Amino acid sequence: MREVNELINVEDPAWPLLLQELSGSDVPVEVLPGDAEIGRASLLQLQVSARSNLGGTVLNCGGLLVDSGWLRIFGSPSDAGLEALPSLAEVNAMPAAFDPAWRPGAGLVVAHDVLGGVFALNGGNPRQAGRPGEPGEILYFAPDALGWEALGAGHSAWLSWILSGGLHEFYGDLRWDGWRNEVSVLNGRQGLSFFPPLWSAEARQDLPATSRRAVPMTELLGLSRDSCLQFDGVDPGFLGAA
């Protein structure tokens with residue numbers, strides 16, 4: 001078990017290099033102000049160092065809003081308001097005080113998108129958890145397919161892929177004319193609910209014709225989980241606490 005100063009005071013922290021990558025990206029990204037105390041506590045609980053992009057993000061910023069907030073990568077925000085982006089600690093239901101026995105279970109949720117999609121860092125035993133991929137690999141819970149898929153990359157490679165424009169192709173069939181205007185007015189705890197749902201034949205055939213409304217992200221994630229259980233009886237597991 002490493003102490004927090006050991007996790008923070010590293011010779012080659014990731015944050016300065018990540019800031020360079022952010023500044024050189026053509027992808028619009030807003031870096032939210034962070035809370036140093038929450039960041040330090042989160043690093044201690046996760047036992048990851050500032051040498052990693054995950055540790056650097058959690059320690060140094062309140063999160064990253066990518067593509068006008070279409071994707072929300074969690075950090076340690078200084079704004080704890082009811083409409084603000086939640087922290088990585090809150091989303092993963094970390095204990096209020098350090099608990100050496102706590103583990104993120106099947107995987108650590110690192111980002112949500114406005115569709116109710118979930119990016120998670122695989123835990124140590126994906127097979128036991130009923131999830132694809134290898135330990136430490138990023139997974140995506142797809143709300144249009146109601147299942148997890150392995151992305152074939154770890155956290156740092158996933159983040160570089162996002163900053164190089166990977167989301168454009170990834171969400172190609174799930175974006176519509178005017179999506180940015182609809183997304184930009186959402187708060188940090190809202191997503192878009194579709195009717196007919198994204199997994200329906202109607203939405204697949206004509207996504208722009210669906211009706212969309214802003215709902216709490218907790219509601220959106222709950223609907224996805226309930227749909228999974230209803231259709232095939234498979235519980236996708238933890239999708240995030242906020």
Side-chain angles (χ1 to χ4, degrees), residues 1-22 31-64 72-80 84-112 118-141 148 150-160 162 221 235-242:
M1 190 68 64
R2 292 177 290 177
E3 298 295 330
V4 66
N5 286 337
E6 183 182 353
L7 297 169
I8 293 172
N9 299 322
V10 295
E11 292 183 358
D12 49 351
W15 186 244
L17 293 177
L18 183 53
L19 282 178
Q20 291 181 21
E21 195 171 1
L22 285 165
V31 181
L32 300 178
D35 183 298
E37 184 177 348
I38 295 175
R40 289 169 63 91
S42 297
L43 249 63
L44 179 62
Q45 187 63 70
L46 292 171
Q47 286 292 293
V48 298
S49 80
R51 185 178 291 111
S52 68
N53 277 341
L54 174 60
T57 300
V58 172
L59 180 64
N60 292 285
C61 78
L64 305 175
R72 298 92 176 259
I73 299 174
F74 301 117
S76 303
S78 57
D79 184 354
L85 189 71
S87 67
L88 184 84
E90 180 183 350
V91 167
N92 287 280
M94 290 185 194
F98 175 67
D99 180 358
W102 181 87
R103 297 291 183 274
L108 183 75
V109 175
V110 294
H112 285 155
V118 182
F119 291 91
L121 190 63
N122 238 350
N125 197 332
R127 302 294 178 270
Q128 186 179 64
R131 294 187 177 182
E134 300 300 322
E137 184 175 354
I138 291 286
L139 304 183
Y140 179 65
F141 176 81
W148 290 99
L151 300 188
H155 184 273
S156 291
W158 167 74
L159 193 52
S160 292
I162 289 170
L221 298 175
D235 187 350
F238 184 70
L239 300 176

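Numbers for residues simply follow the sequence, beginning at 1. Note that these values count all heavy atoms, side chains included, but never hydrogens, waters or copies made by symmetry. For clarity, every value in this text was computed on a predicted model and none was experimentally measured.
Using a 4.5 Å cut-off on side-chain heavy atoms (C-beta onward), E21 and L159 make no contact. Counting only heavy atoms from C-beta outward, the side chains of V58 and S76 approach each other to under 4.5 Å. Contact of the D99 side chain with the M94 side chain is not registered, since no non-hydrogen atoms from C-beta on lie closer than 4.5 Å. Side-chain contact between T57 and V110 is absent, with no heavy-atom pair separated by less than 4.5 Å. Within the 4.5 Å cutoff, the side chain of L64 has no heavy atoms near those of the L32 side chain. Counting heavy atoms from C-beta on, the side chains of L46 and L88 come closer than 4.5 Å. Within the 4.5 Å cutoff, the side chain of I162 has no heavy atoms near those of the F119 side chain. Side-chain atoms of V48 and R2, non-hydrogen and from C-beta on, never get closer than 4.5 Å to each other.
Distance alone, capped at 3.5 Å, places no donor-acceptor pair between the N53 side chain and the A157 backbone. At least one donor-acceptor pair under 3.5 Å links the side chain of R131 to the backbone N or O of P236. Listed for the Q47 side chain is no donor-acceptor partner under 3.5 Å among the backbone atoms of M1.
The two residues S87 and F74 come nearest to each other via the heavy atoms C-CB, 4.3 Å. Between G107 and N92, the closest heavy-atom pair is O-OD1, 4.3 Å. Of all heavy-atom pairs spanning G124 and P135, the tightest one is O-CG, 3.5 Å. The minimum heavy-atom distance between V118 and H112, with the atom names listed, is CG2-CD2, 3.7 Å. Closest approach of P132 to R127, counting heavy atoms only: C-NH1, 4.1 Å. The two residues Q45 and P95 come nearest to each other via the heavy atoms OE1-CG, 3.3 Å.
The CZ atom of R51 lies 4.5 Å from the CG atom of D12; values are rounded to the nearest 0.5 Å. Taking CG of L139 as the start and CH2 of W148 as the end, the distance is 6.0 Å to the nearest 0.5 Å.
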CA sep, side-chain torsions, deciding dist, call: N5, R40, side chain to side chain contact (heavy atoms under 4.5 Å, CB included): CA-CA 9 Å; N5 286 337; R40 289 169 63 91; 3.4 Å; yes
Evaluate L59 against W15 for side chain to side chain contact (heavy atoms under 4.5 Å, CB included), listing each step before the verdict. CA-CA 9 Å; L59 180 64; W15 186 244; over 6 Å; no
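Every residue two or more places apart in sequence or in another chain was checked for a ring-ring contact (aromatic ring centres under 6.0 Å, His included) with F238, and none qualifies.
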